[in-house]
Amino acid sequence: VQLQASGGGLVQAGGSLRLSCVASVRIFSRYAMGWFRQAPGKEREFVASISFSGGSTYYSDSAKGRFTISRDNAKKTVYLQMNSLKAEDTAVYYCNAVVVVNIEGSRVEHWGQGTQVTVSS
């Protein structure tokens, strides 16, 4: 499984960016997808996730109301629309894919290479 994230860049505070992550998998709809981020000197943290069908979404408190996660299963792509960006959103953003691999519910995670988001204040 390969996850290719893109869309990062430099933006002023209050601006917007849209991240994309394309997955090279056979059946994309088997994977729950998510976005995490890691700022310099900090641990990686959860940002948002979306269920297999896209019917359920989850957000961190810092992302609620500003970010929107979505997916297009036909394009094998997950998106993160980020609005009202703040300097504290500056981080490397990573795409994450989780699949259940057996009837016991064991899961396997995959990570993309990350895309840098820099918000200037």
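Throughout, residue positions are numbered sequentially from 1 according to the sequence presented. Values reported hereafter were calculated over all heavy atoms of this structure, with side chains retained and with hydrogens, waters and symmetry mates removed.
Residue pairs meeting the side chain to side chain donor-acceptor pair (under 3.5 Å) criterion with at least one member in residues 101-113, sequence neighbours excluded, are Asn96-Glu109, Asn102-Ser106. Screening residues 56-85 for disulfide (SG to SG under 2.5 Å), with sequence neighbours left out, gives no hits. Evaluation of the side chain to side chain donor-acceptor pair (under 3.5 Å) test over residues 6-18, restricted to residues two or more places apart or in two chains, returns Ser16-Asn83. Among pairs with a residue in residues 45-64, those fulfilling salt bridge (charged side-chain N to carboxylate O under 4.0 Å, His left out) read Arg37-Glu45, Asp61-Lys64, at least two apart in sequence or across chains.
Nearest heavy-atom pair across Ser121 and Ala13 is CA-CB, 4.2 Å. The shortest non-hydrogen separation linking Tyr31 to Ala97 is CD2-CB, 3.8 Å. Nearest heavy-atom pair, Thr115 versus Gly7, reported as atom, atom and distance to 0.1 Å: OG1-N, 4.1 Å.
From Tyr59, atom OH reaches atom CZ of Phe67 across 10.5 Å, with rounding to the nearest 0.5 Å. The CZ atom of Arg26 lies 9.0 Å from the NZ atom of Lys76; values are rounded to the nearest 0.5 Å.
Taking the ring axis of Tyr94 as reference, the NZ or CZ atom of Arg44 stays within 45° of it and closer than 6.0 Å to the ring centre.
In this view, Phe46 and Phe36, Ser49, Tyr58, Ser60 satisfy the side chain to side chain contact (heavy atoms under 4.5 Å, CB included) rule, not counting sequence neighbours. Annotation: side-chain hydrogen bond (donor to acceptor under 3.5 Å, both in side chains) contacts of Arg66 (sequence neighbours excluded): Asp89.
The backbone N or O of Phe52 lies less than 3.5 Å from a partner atom in the side chain of Asn73, making a donor-acceptor pair.
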